[in-house]
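Let me begin by presenting the structure, written as structure tokens, before commenting on it.
Just so it is clear: chains get the letters A, B, ... in the order the sequence lines come, proteins before strands, and each one is counted from 1.
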Amino acid sequence: MSELDIDRILSYGEKLADEVEVYMLDYTDISLEQREMAISSVFEHAGSSIYLRVVKDNRIGISGTSDAARWKDCVDVALSSAKLSEPVPGWAGFPAKAVLPEGQDPCDKNITVTPDLAAKYLDRMNAGAAKHPEARVVTGGVSLSTGNAVIANSNGVYYMRDMSGISLGMDAICDTSTGYDYDSSPFLDRIDPEKIGEETTFWATASRNGVDVETKKYDVVFSEHVVESLILDLFTEAVNGKNVLSGKSVFAGKLGEELLHPAISISDIPMDKQGSAWKRFDSEGTVTSDLSIVQDGVLSAFLYDAKIASQAKTTSTGHAHRSGNGATYIHPHCMRIAAPVSDVMDKPCLFVREVIGAHTANSLTGEFSVEVANAFFAESGKFVHPVKKAMISGNIFEILRGGVSISAETKTFEGAVVPKMRIESMQVIG
Amino acid sequence: MEKIRYFDIRYVRGTITSIQTENRVIENAGSSFYGKALFRVLGENGWGYYCASSIDMNDKKMKDACIQKAAASARLAGVHAEIADIPLGSPRSWVCSAKDQAETPLEEKAAQLLLLESSAKIPGISSTSARYSEQYQDVIFEDCNGYSATSSVCRTLFTISAIANRGADMQMNYEQEAVVGPLSLKEYIPYGEKCAKRAVELLDASVVSGGRMPAVLDPAIGGVFAHEAVGHASEGDAVRDGVSVLAGKLGEQVGSSLVTIIDDPSMHGYGYEPFDAEGVSTGPTELIKSGIMHKYMHSRETLAAVGLETGDAGHARAEPGMQPLVRMSNTYIKEGDSSYDEIIAECKKGVLLIGSRGGQVDPGRGAFQFNAKYGYLIENGETTKMIRDVSLSGDILSVLHNIALCGKERKMSSGMCGKGQSVPVSDGAPHVYLTEALVGGGGSV
């Protein structure tokens with residue numbers, strides 16, 4: 001869709017509504033999948049998505065489509081939807097045009113959506129996997145994508161972001177022990193395919209012949225994967241301004257209170273150099289900036305988009321993302337945890353590389369009880385025995401209140417740069 | 001010209017209308033339109049796919065161009081694949097277009113959703129929210145042999161959630177109903193109060209101390225066990241690739257003789273499909289029959305790879321524009337002959353687990369985990385204290401052998417299943433008694 005088309009949508013919508021917003025994605029991607037160490041399928045895709053919002057009498061209407069020819073239907077449906085919605089108290093309008101901060105888009109011009117490039121990375125991943133030949137690689141895959149997003153509104157905002165991406169994943173089995181690794185980035189030079197392959201077959205091989213675990217409390221070290229999927233996901237829910245406003249957060253009404261251990265700080269850094277989704281503006285055109293969420297254990301901010309900020313009588317923190325129906329949702333761009341840094345594997349511990357069922361944790365209370373995978377008893381930084389099976393349980397908010405130490409090394413995920421984390425005395429059920 | 005051994009086209013188009021309410025105010029409401037066509041070509045040495053938007057299925061030139069794009073991709077593949085030459089059958093279409101549902105004004109549905117949500121506003125409840133969605137989806141399938149099939153399916157659902165608050169304590173509960181076809185919100189208005197009462201009760205529930213113990217699963221969590229632990233391990237691709245603990249076990253006793261587990265895409269549950277993503281008309285497949293591994297679920301490709309006698313095709317499913325994957329639809333444990341009271345009495349000292357917050361499985365290792373919404377301690381053969389934040393994990397084969405009783409009444413629950421793609425499913429079971437289970441919980445009760 002061209003600039004002209006976007007102008008046509010804005011022009012059509014402005015005749016019928018007080019404000020109009022167009023968010024448009026254009027993308028092409030290619031995915032290679034392998035079985036039996038060879039390419040089994042190739043998938044190509046090109047398309048676009050349009051998400052529309054209109055405002056009439058402070059009522060917001062939404063719509064969206066993957067069929068660009070239906071944009072007029074979308075505007076009409078969004079107008080009907082606005083009539084049904086309640087007026088947003090204190091609605092301050094869609095963002096106005098502003099000077100964007102310096103910075104680059106998460107786009108690598110070296111990423112081309114070609115099978116040759118994808119095949120090269122698949123080969124390199126396989127070469128890494130061969131370092132542990134006892135394991136059998138089951139599947140592997142590489143995806144490449146390029147595209148751009150445009151946010152435009154009737155207040156003069158018209159920003160474009162170029163994007164690219166590479167993602168790689170592999171899984172392997174050794175006897176009945178499995179291993180898996182995955183990584184993605186907008187930049188080719190941040191991807192180490194040999195390491196992904198090697199880690200995959202390492203975890204499958206090393207996790208064989210696990211020992212039983214006695215039910216009691218252990219010092220536990222979470223891998224970056226577990227910190228991201230278990231700790232940060234639940235923390236994110238608690239500082240989401242929408243959950244706070246609607247009474248679905250244990251942190252509601254507690255700004256300024258010491259809720260975590262005083263040695264812990266958590267912030268969101270949209271243009272973090274190590275991050276993977278640099279954003280100078282969010283999905284509704286609000287300029288982004290660094291945000292301290294917890295400072296020395298004290299809760300200092302919640303995350304907002306324009307609508308929830310209006311309702312909460314505050315201003316957007318620039319954390320709008322776009323959901324499939326055209327509405328926005330709130331999410332961080334690149335979270336960072338600061339806590340005492342140490343060699344977290346130095347003292348004896350139960351190291352947990354993955355958990356099964358992280359999404360079943362209680363997002364409101366922080367309670368969880370999940371099955372560990374690729375877990376090991378470790379001493380002096382070395383894995384001594386793999387664990388046959390065990391469950392761990394606890395409460396993520398209590399863990400963060402009790403104090404933790406983190407590793408210096410980190411791993412980058414879509415919405416965070418994450419260290420390993422050592423937790424003293426956690427319930428383990430064998 | 002690329003060599004094409006087979007091709008098919010699956011075009012999916014539809015409309016999703018949703019309403020969300022929060023604390024008895026309409027948060028947003030609207031519709032979105034989608035349409036995607038997947039062109040799938042089996043070349044000399046594997047598959048090529050091309051996904052296009054906004055296709056005109058009457059435009060032969062456009063379709064040919066897309067097929068050639070998929071064929072060019074297939075040329076890059078290097079793993080020889082075959083598809084089983086089986087009769088695709090005649091899809092048994094079920095009228096579920098829900099005309100009345102579509103014609104009911106959105107304002108009326110929104111008013112009913114607000115009533116449903118309002119019924120949850122009882123003393124002790126600090127926050128409520130509700131969601132309603134109706135999806136109309138048309139599928140047009142055709143292949144290179146002149147076979148074609150079409151379907152129109154409507155799916156409707158609502159979710160109500162309530163948060164109870166007492167000082168610093170907060171607890172949450174939610175209820176959901178999701179069906180194929182129409183759903184009258186008016187009939188479900190009492191669900192709000194039911195949901196809210198449970199959330200308030202959870203404030204007084206205890207956190208169980210985990211360990212190995214006997215357990216009774218209610219139909220919801222028993223259904224998740226059928227889906228997660230047995231269903232995923234019975235998928236033909238996992239069996240073909242040797243990453244399932246149930247691979248190579250056809251004809252073997254893999255569980256108690258009381259256990260029969262079935263997947264049936266033709267059943268009118270939330271996972272209903274008259275024909276699958278390869279155009280194959282659907283029907284029931286008995287995965288485990290009286291404790292014996294009986295059949296696997298297959299696509300045409302995995303059926304050819306693993307063996308025609310090893311199961312049924314008709315289990316390939318896909319999101320619009322995505323490649324077919326072998327997976328479940330409506331999965332359930334067949335009823336037994338025990339009453340609920342007999343099962344609780346037999347358990348003597350353990351836990352009753354109720355409702356599901358979801359689960360996950362590693363079929364290669366045979367390990368699974370899922371969480372209950374809440375439960376009760378069972379002491380001296382009777383339910384006593386309410387418990388919360390309790391989960392169940394184990395290895396698939398041990399748990400199947402540990403099933404000692406199955407109840408007389410089965411109930412299905414609906415949801416979505418993720419396996420790279422997200423598709424609607426349902427699962428269910430009667431009450432099931434496990435002689436030993438690994439129960440997770442961080443409390444002291």
Please classify the contact between [X] and chain A as side chain, backbone, both or neither, with a heavy-atom cut-off of under 4.5 Å.
X        : value
B/Ile163 : side chain
B/Arg240 : side chain
B/Val361 : backbone
B/Glu22  : side chain
B/Ser18  : side chain

Subject >> Step-by-step salt bridge (charged side-chain N to carboxylate O under 4.0 Å, His left out) determination, B/Arg357 to B/Asp389 >> reply: CA-CA 10 Å; B/Arg357 289 210 306 247; B/Asp389 294 307; 3.4 Å; yes
Original post:
Relative to chain A, which of B/Val243, B/Thr21, B/Leu392, B/Asn45 shows the most heavy atom pairs under 4.5 Å?
Top reply: B/Val243
Original post:
Top residue by heavy-atom pair count (under 4.5 Å) with chain A, among B/Glu228, B/Lys69, B/Arg212?
Top reply: B/Arg212
Original post:
Between B/Phe368 and B/Phe225, is the gap from one ring center to the other below 6.0 Å?
Top reply: yes
**OP:** Check whether the ring centres of B/Tyr50 and A/Phe43 lie less than 6.0 Å apart, and answer yes or no.
**Re:** no
Pairing of [X] and [Y] as salt bridge, 4.0 angstrom limit:
X        : Y        : value
A/Glu371 : A/Lys389 : yes
B/Arg40  : A/Glu44  : no
B/Lys36  : B/Glu319 : no

Need one label for [X]: side chain, backbone, both or neither, based on atoms under 4.5 Å from any heavy atom in chain B.
X        : value
A/Ile60  : neither
A/Lys217 : neither
A/Ile308 : side chain
A/Ala373 : both
A/Ser207 : neither
A/Val138 : side chain

Subject >> Qualifying residues under side-chain contact (heavy atoms from CB on, under 4.5 Å), relative to B/Ser31, sequence neighbours excluded >> reply: A/Val77, B/Thr15, B/Thr17
Subject >> Over 12 non-hydrogen atoms of neighbours within 6.0 angstrom of NZ in A/Lys83 >> reply: no
Original post:
With sequence neighbours excluded, what pairs up with B/Asp395 under the side-chain hydrogen bond (donor to acceptor under 3.5 Å, both in side chains) test?
Top reply: B/Ser398
**OP:** Determine whether B/Pro324 and B/Leu38 make a side-chain contact, defined as any pair of heavy atoms from C-beta on separated by less than 4.5 Å.
**Re:** yes
Original post:
Would a 4.5 Å heavy-atom cut-off, applied to side chains only, mark A/Ser249 and A/Lys242 as touching?
Top reply: no
**OP:** Report, by ascending residue number, the residues of residues 124-134 of chain B in heavy-atom contact with chain A at a distance under 4.5 Å; give 'none' if the set is empty.
**Re:** B/Ser126, B/Ser127, B/Ser129
**OP:** Kindly write out the residues that satisfy salt bridge (Lys or Arg N to Asp or Glu O under 4.0 Å) with A/Arg70, not counting sequence neighbours, or none if the list is empty.
**Re:** A/Asp73
